[in-house]
Each structure stands twice: as structure tokens, then as C-alpha cells.
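Input: a single structure, listed below in C-alpha cells.
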Amino acid sequence: MSLPSPTISPTSADMSAEARVASYDWRSLAGDLDNYGCAVLPKLLSPDECLGIAMLYSDESHFRSHIHMARHGFGKGEYRYFNYPLPGLLGGLRTALYPRLAEVANQWNARMGIDERYPAAHSSFLEQCHNAGQIRPTPLLLQYVPGDFNCLHQDLYGDLAFPIQVAFLLSEPGEDFTGGEFVLTEQRPRMQSRVEVVPLRRGDAVAFAVHNRPVQGSKGNYRVNLRHGVSRIRTGMRHTVGIIFHDAR
């Protein structure tokens with residue numbers, strides 16, 4: 001089977017990505033992000049696209065670095081950060097998803113009393129990152145085998161950090177792997193933490209808060225702190241792509 005990167009040109013990938021992203025009910029997705037800190041976009045990728053992206057993992061030419069989580073205390077498992085240019089479909093989806101999520105992010109900042117506003121175009125935001133010395137691409141491809149897990153964490157990477165990111169599940173639960181649930185925790189002021197376990201199928205994407213989000217309380221909005229991770233893989237192999245919209249130092 002042909003891999004996505006050589007068979008999809010950047011232009012056609014952008015068009016395909018924009019069309020599929022536009023097909024979702026973004027008012028409903030924004031409501032889920034507001035209420036729960038995450039929102040699922042079902043079947044954003046086809047099974048063939050999932051397989052093609054997962055197969056890139058063994059080709060080092062697509063990546064700038066290879067991380068073994070256990071060496072850094074991140075959990076157990078491994079991932080690779082993509083090089084620029086990103087594979088066509090992933091680059092197109094990163095560009096197409098950003099403006100929809102920037103609307104939510106700007107509303108969140110307004111509610112939290114944060115002055116920063118994100119530009120409408122992803123290219124403009126990346127220019128801000130690069131001017132701040134954050135020039136390394138952050139989209140990554142993760143691989144887990146039995147016993148692997150990802151500790152709760154936040155993907156920040158520098159002073160400029162976009163507050164929402166997206167993960168795509170490339171493997172089918174119950175067939176390719178068992179375990180490996182995507183988990184969010186939310187720390188609330190003077191309350192116990194809340195946990196959200198997000199059920200995903202192959203090809204689904206989940207958009208979720210990276211760090212803080214606002215919650216409406218009886219006395220106005222307050223800020224909660226989020227972390228995300230992956231529970232222990234019990235059997236099989238699990239691949240995931242993470243789309244982070246800011247670049248790293």
C-alpha cells in the first residue's frame with residue numbers, strides 16, 4: 001500500500017483536510033470543549049490513512065528525533081517527532097484544524113482574563129513561534145506495546161503554547177490492542193480532581209485542552225489545570241499521532 005506522504009501532494013492534502021474538517025458540527029464540538037475539556041471528531045482519518053501513517057514510524061527520514069519515554073520519566077513507550085515538511089495529510093489537517101480551535105482558544109483567554117489572542121491563520125501563529133526562537137516541529141507519532149503507558153503531562157515546549165491540541169488514534173481497540181485508554185485529569189481549585197476517559201476508535205481524533213481552560217462558576221469564570229496521558233497497554237500495539245500547534249525551542 002502506498003504511504004500518504006508520497007501520494008498526496010500538499011495542495012490536494014490541504015483541500016481534502018479543509019473539506020473533512022468543515023464537515024463537523026463545530027458549535028457542538030466547541031460546546032464539548034467548554035463543558036468537558038475535550039471533543040471527539042469521529043472517523044477523521046480512513047483505515048488506510050491510519051495504516052499508512054503508522055507505517056511511517058520505521059522510516060527515520062520523516063523524523064527529527066526519537067524519544068524513549070522511560071529514559072526521561074515520561075512513562076514507558078516511544079515516539080518520534082516529525083521533521084518539516086510534515087507528511088501532506090498531517091500538514092493539511094494541522095492547518096485546517098487550527099482556525100476552528102483558535103476561535104475557542106480566544107474565547108477561553110477572554111474568559112480567563114488573558115490578553116493574548118491567536119491569529120486566524122496557523123502560518124501567522126507559527127511565524128510568532130519562530131520569531132520567539134521556537135522553530136522545531138512538534139507533531140509526533142507514538143508507538144506503544146504491552147506494558148507501555150504515558151504519564152500525565154502537558155505539551156508546552158516554550159513560552160508560546162497553543163492551548164488545544166489534537167490526537168488521532170491510528171489503531172483499532174480490541175483488534176490491534178487492548179488497554180491504552182486516553183485519559184484527561186482536571187485539577188479544580190479547592191476540589192478533588194476530575195477524570196475524563198475518552199473512548200476512541202481507529203481514525204477518530206480528540207481535541208483537548210493542553211494546560212488551562214475556563215469553567216463557569218457561581219462567581220464567574222475560574223481556571224482549571226489539565227493533564228493528559230494513556231493507560232497501560234495490555235496486549236498488541238497502539239499507534240497515535242499528536243498534532244501540537246506551537247513549535248518548540
Side-chain angles (χ1 to χ4, degrees), residues 21 24-41 72-75 94 97-122 124-129 131-134 138-140 149-168 181-200 204-231 240 242-249:
V21 167
Y24 290 90
D25 181 350
W26 280 94
R27 179 174 294 184
S28 176
L29 293 173
D32 285 346
L33 282 163
D34 279 342
N35 291 326
Y36 310 115
C38 61
V40 175
L41 289 74
H72 305 277
F74 298 161
R94 194 186 192 207
L97 286 163
Y98 170 86
R100 310 279 180 169
L101 298 174
E103 292 184 17
V104 177
N106 285 333
Q107 292 170 7
W108 283 3
N109 278 6
R111 291 171 57 190
M112 291 187 291
I114 298 172
D115 292 335
E116 183 175 7
R117 297 294 181 269
Y118 302 96
H122 189 232
S124 298
F125 180 60
L126 285 182
E127 184 177 0
Q128 293 180 3
C129 290
N131 288 340
Q134 296 178 209
T138 49
L140 66 164
F149 62 95
N150 196 349
C151 294
L152 294 170
H153 65 284
Q154 299 168 328
D155 297 311
L156 298 177
Y157 300 120
D159 294 334
L160 284 176
F162 191 72
I164 302 171
Q165 70 186 70
V166 179
F168 303 84
E181 293 83 5
F182 179 81
V183 178
L184 284 170
T185 63
E186 185 175 273
Q187 295 175 302
R188 301 173 294 171
R190 298 176 297 281
M191 290 185 281
Q192 292 182 333
S193 296
R194 185 181 72 88
V195 176
E196 185 85 10
V197 179
V198 183
L200 298 171
D204 292 351
V206 56
F208 57 96
V210 174
H211 184 203
N212 295 131
R213 75 176 185 93
V215 173
Q216 180 65 46
S218 59
K219 298 181 180 179
N221 287 285
Y222 63 93
R223 212 178 285 191
V224 297
N225 187 51
L226 293 101
R227 296 180 183 274
H228 64 277
V230 174
S231 69
T240 311
I243 297 294
I244 299 162
F245 295 95
H246 49 275
D247 279 351
R249 286 191 177 277

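- Inter-residue side-chain proximity for L33 and W108 is flagged as met; some heavy-atom pair is nearer than 4.5 Å.
- Using a 4.5 Å heavy-atom threshold, the side chains of R249 and D159 count as touching.
- Between L226 and Q154, every side-chain heavy-atom pair lies at or beyond the 4.5 Å cut-off.
- What you find for A205 and V166 is that their closest heavy atoms are CB-CG1, 3.8 Å.
- Summarising the local packing, OH of Y24 is surrounded by more than 12 heavy atoms from other residues, nucleotides or ligands at distances under 6.0 Å.
- Taking every heavy atom of both residues into account, L184 and G37 meet most closely at CD1-O, 4.0 Å.
- With values rounded to the nearest 0.5 angstrom, F168 atom CZ is found 10.5 Å from D204 atom CG.
- Judged purely by distance below 3.5 Å, without hydrogens or angles, the side chains of Q216 and D34 never pair a donor atom with an acceptor atom.
- The two residues R94 and I243 make their nearest non-hydrogen contact at CG-CG2, 3.5 Å.
- Atom NE2 in H153 sits 13.0 Å away from atom NE2 in H72 (nearest 0.5 Å).
- Without hydrogens or angle criteria, S231 side chain to E181 main chain gives a donor-acceptor distance under 3.5 Å.
- For the pair H211/P163, no side-chain contact is recorded, criterion being any heavy-atom separation below 4.5 Å from C-beta on.
- N109 approaches R117 most closely through the heavy-atom pair CB-NH1, 3.5 Å.
- Evaluation of the ring pair (Phe, Tyr, Trp, His ring centres under 6.0 Å) rule for H122 yields Y98, F245 as partners, not counting sequence neighbours.
- V40 places none of its side-chain heavy atoms less than 4.5 Å from the side chain of D32.
- Proximity of a side-chain donor or acceptor of S124 to a complementary backbone N or O of P119 within less than 3.5 Å is not detected.
- Within the model, atoms CD of E186 and CZ of R188 stand 6.5 Å from one another, a figure rounded to the nearest 0.5 Å.
- The distance from atom CG of L101 to atom CG of N106, rounded to the nearest 0.5 Å, is 11.0 Å.
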Given side-chain contact (heavy atoms from CB on, under 4.5 Å), test L41 with W26 step by step and report yes or no. CA-CA 10 Å; L41 289 74; W26 280 94; 3.9 Å; yes

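- Put simply, CD on Q165 and CG on L156 are 9.0 Å apart, with the number rounded to the nearest 0.5 Å.
- Smallest separation of non-hydrogen atoms from Q187 and S193: CG-OG, 3.6 Å.
- Under a 3.5 Å cut-off, the side chain of N225 and the backbone N or O of N212 do not form any donor-acceptor pair.
- If you take CG on L97 and CD1 on I164, they are separated by 10.5 Å, rounding to the nearest 0.5 Å.
- For the pair M112 and N221, the minimum side-chain heavy-atom distance is 4.5 Å or more.
- Nearest heavy atom pair, residue E196 against residue C38, reads CG-SG, 3.9 Å.
- Annotation: side chain of V206 is in contact with side chain of L200 (closest heavy-atom distance under 4.5 Å).
- Partners of L152 by side chain to side chain contact (heavy atoms under 4.5 Å, CB included), not counting sequence neighbours, listed by chain and number: T185, R227.
- Evaluation of the ring pair (Phe, Tyr, Trp, His ring centres under 6.0 Å) rule for Y118 yields F125, F162 as partners, not counting sequence neighbours.
- In E116, the CD atom is crowded: over 12 heavy atoms of neighbouring residues, nucleotides or ligands sit closer than 6.0 Å.
- Between V215 and R194, the closest side-chain pair of non-hydrogen atoms is not below 4.5 Å.
- Using modelled atom types, one side-chain atom of H246 and one backbone atom of D155 make a donor-acceptor pair closer than 3.5 Å.
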